[in-house]
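Working notes, structure below.
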2 protein chains.
Amino acid sequence: MARPPAPRGTRAPTLTDVARLAGVSVATASKALNGRNHVSAATRERVLEAAAQLSFSPNSLARGLLAGRTGTVGLLTSDLVGRFSLPILMGAEDAFGAGEMSVFLCDARGDAIRERHHVQALLSRRVDGLIVVGSSTDPRPPLAAAVDVPVVYAYAPSENPDDLSIVPDNVGAGRMAVEHLIACGRTRIAHISGDRGYSAARDRVTGALAALDDAGIALVGQVAYGTWEEGWGRAAASMLLDREPDVDAVLCGSDQVARGVLDTLRERGRRVPEDVAVMGFDDWKVMTTGARPQLTSVDMNLEELGRTAARALFEAIDAEHGRGVRTVQCRVVVRGSTAPEA
Amino acid sequence: MARPPAPRGTRAPTLTDVARLAGVSVATASKALNGRNHVSAATRERVLEAAAQLSFSPNSLARGLLAGRTGTVGLLTSDLVGRFSLPILMGAEDAFGAGEMSVFLCDARGDAIRERHHVQALLSRRVDGLIVVGSSTDPRPPLAAAVDVPVVYAYAPSENPDDLSIVPDNVGAGRMAVEHLIACGRTRIAHISGDRGYSAARDRVTGALAALDDAGIALVGQVAYGTWEEGWGRAAASMLLDREPDVDAVLCGSDQVARGVLDTLRERGRRVPEDVAVMGFDDWKVMTTGARPQLTSVDMNLEELGRTAARALFEAIDAEHGRGVRTVQCRVVVRGSTAPEA
DNA sequence: CGGCGTTCCGAAAAGGTTTTCGGAGGCTTT
DNA sequence: AAAGCCTCCGAAAACCTTTTCGGAACGCCG
């Protein structure tokens with residue numbers, strides 16, 4: 001910050017330069033470039049030509065300073081490394097990028113201090129709004145600082161019900177999964193879940209049990225909680241087969257767990273899907289399409305969630321701020337592990 | 001853009017407000033807040049208190065307008081969905097976020113039109129520099145528009161050697177991998193690579209062959225090019241075992257390919273690592289640690305690459321612009337698939 | 001008491017754009 | 001011919017911060 005900016009070529013052309021070249025005042029140049037009226041066609045043409053010749057590009061800072069609106073939003077994520085924030089980020093970037101909005105990306109890495117610092121920086125840059133992306137679906141504390149721009153929470157809802165949160169429908173996902181298995185003719189369904197500490201795991205269980213209840217079917221064995229990893233899937237499947245040899249479907253808490261289950265089933269000589277159907281959650285492509293057979297999974301529609309959050313923020317910027325928790329529907333992606341290839 | 005900004009609470013406090021509250025002029029308030037001298041301690045204290053009371057946050061737009069430097073950089077990626085851009089992005093965000101820089105994220109999705117549009121938008125926002133992250137390590141055309149801010153290409157180098165590019169050392173990675181296998185006592189080494197269309201695959205082959213050559217060892221069979229997927233790994237391993245039953249190590253073009261190879265080896269009753277050692281590239285945690293046994297891999301250090309790119313851009317902003325291609329070293333992460341557990 | 005140096009503060013300009021308002025000129029209407 | 005309206009353009013203000021420069025107050029010395 002000590003040194004002055006290095007003189008790199010010549011300074012960017014300003015509206016004044018354009019006006020001078022076109023032989024008009026800056027006011028006229030501005031009007032011509034922005035398509036406002038009260039400018040004759042001939043003059044407008046001259047200005048446009050001058051602007052093109054200088055490859056003029058209006059200074060967004062000056063514009064934002066005057067308009068009180070910058071056309072920027074902040075995307076505050078808790079962990080870029082996690083694989084759930086990425087599709088959401090993509091969806092949001094997608095929805096914004098289509099318009100005239102630019103996105104500031106900040107990674108707080110789960111650190112509250114860092115988060116506060118980033119929020120301050122974003123506010124000082126006068127963003128028009130904020131999207132806060134959580135790293136799990138568990139509720140998170142709202143932003144500490146007082147923010148006078150709209151905030152939308154994505155994936156992890158805010159603990160404050162007055163905030164607007166967009167979350168995936170994990171209960172619905174569990175329900176849809178079981179309904180799919182039942183539709184495939186399965187009646188002896190077990191559930192190997194993920195980490196009990198995550199509401200995503202518990203919600204999916206809730207939905208799954210509800211669907212079983214609706215169908216008048218009992219779960220085979222107990223819900224098995226563990227971790228989100230392949231190793232847990234292998235171990236849990238082994239125990240399951242020992243205790244419940246006649247199981248004909250295993251719903252898994254994640255695609256990774258399902259991969260482990262598939263491994264164990266193969267080793268035990270169970271055919272998938274003929275003997276046992278297997279399903280995962282998240283539809284993580286590299287997991288589902290690399291598996292043998294390919295894995296049926298529930299797509300949580302995270303990219304759509306990101307787009308929804310962006311659109312909600314967009315509305316909140318222009319109009320009134322919504323509140324409450326909104327869910328985004330998910331969908332079953334059917335592959336070979338539940339339905340034999342056609 | 002039609003509606004005026006919704007009046008959300010009261011407008012953000014400005015330096016004028018702070019000065020008025022503290023009973024000084026804006027100039028004094030500015031000096032006090034920025035820690036410049038020629039302000040008495042008492043006055044400074046009054047100003048700081050007033051600023052805190054109003055929770056004043058200086059308007060970065062106005063500051064940037066004046067300073068000619070905005071403290072923002074643009075991060076232009078070709079495909080957020082790909083998993084290589086993410087760690088780079090993280091590293092860059094990391095290196096920038098530590099200071100006073102904010103990052104604009106743009107996803108061009110491999111579309112040149114969209115890319116140009118984003119570059120224009122970034123320039124109009126007066127970013128101080130740009131990082132262009134490619135989706136593969138193949139050289140890419142330089143930015144179309146004339147940019148008068150420093151640009152650093154990351155992962156994919158620019159086709160123009162006068163640009164500065166930071167890329168992973170794929171040749172070195174191939175070399176290190178083979179050296180590790182040799183160090184593990186393997187002498188009958190095969191290589192199941194990835195997609196021949198990618199320079200990453202070819203470069204790794206180059207490095208691997210060079211290391212074999214140095215050691216006076218011949219590759220077992222031919223280099224097998226295919227895809228980056230698990231299925232290819234399974235198929236290629238099957239063919240390999242048919243033709244070269246006495247192979248004692250398989251170097252795989254990616255972790256995914258390695259997973260497929262592991263699968264086939266298990267089915268064929270070969271023990272890993274006792275009979276055959278297996279290695280992958282990329283060190284994709286979910287692939288390597290979920291495997292049985294856990295997979296030795298070469299970490300391409302992408303996060304470090306992102307940090308390096310950010311630092312290079314930082315230097316280029318302050319001083320002179322570098323040029324040429326710089327590589328970032330990678331490292332072998334040893335796991336059970338090449339070395340028996342201790 | 002005058003001169004001088006030091007310390008502190010305020011006025012003003014700069015940065016680039018948008019918008020408002022007034023002015024100038026041309027044309028129509030009475 | 002005078003009055004009025006419409007079209008087009010330019011001057012200037014506004015947005016907010018930083019920096020420069022001049023001025024004021026004060027203490028100290030001669």
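Order of the sequence lines fixes the chain letters, A, B, ..., with proteins taken first and strands second; residue numbering starts at 1 for each chain.
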Practice task
Check for a donor-acceptor pair, side chain of A:Asp79 on one end and backbone N or O of A:Ser135 on the other, with a separation under 3.5 Å.
Solution key: no

Exercise for the section: Give a yes or no on whether the backbone of A:Val26 and the side-chain of A:Ser30 come within a donor-acceptor separation of less than 3.5 Å. Expected result: no

Problem - Rounded distance (Å) that lies between atom C1' of C:dG16 and atom CG of A:Asn34 - result: 13 Å

Problem - N-O pairing of B:Arg326 and B:Asp169 below 4.0 Å - result: no

Handout entry: Range on DNA chain D touched by chain B - first to last nucleotide, heavy-atom distance under 4.0 Å
Key = D:dC16 to D:dT19

Handout entry: Sugar-phosphate only, base, or nothing, as touched by A:Asn37 at under 4.0 Å among non-hydrogen atoms
Key = nothing

Practice task
Please state how far atom CZ in A:Arg126 lies from atom C1' in C:dT17, giving the value in whole angstrom units.
Solution key: 18 Å

Practice task
For B:Asp128 and B:Val73, indicate whether the former's side chain and the latter's backbone hold a donor-acceptor pair under 3.5 Å.
Solution key: no

Completion exercise
When A:Ala62 and B:Arg36 are each assigned the nearest nucleotide of DNA chain D, the 5'-most assignment goes to A:Ala62

Practice task
Look only at the side chain of B:Ser124 and the backbone of A:Ser57, and say whether a donor-acceptor pair between them is shorter than 3.5 Å.
Solution key: no

Handout entry: More than 12 heavy atoms of other groups within 6.0 Å of B:Glu49 CD
Key = no

Completion exercise
Per nearest nucleotide of DNA chain C, the residue lying toward the 5' end, B:Ala27 or B:Leu61, is B:Ala27

Exercise for the section: Tell me whether the OP1 or OP2 atom of C:dT18 has a side-chain N or O from A:Ser30 closer than 4.0 Å. Expected result: yes

Exercise for the section: Please state whether the rings of B:Phe314 and B:Phe96 are parallel, tilted or perpendicular, taking 30° and 60° as the class boundaries. Expected result: tilted

Problem - Main-chain N/O of A:Lys31 paired with A:Asn34 side-chain donor or acceptor, under 3.5 Å - result: no

Could I get a table of every N or O pair under 3.5 Å where one atom is in the protein and the other is in nucleotides 4-9 of chain C?
| residue | atom | partner | partner atom | Å |
| --- | --- | --- | --- | --- |
| C:dC9 | OP1 | B:Thr43 | OG1 | 2.1 |
| C:dC9 | OP2 | B:Ser40 | N | 3.2 |
| C:dC9 | OP2 | B:Thr43 | OG1 | 3.3 |

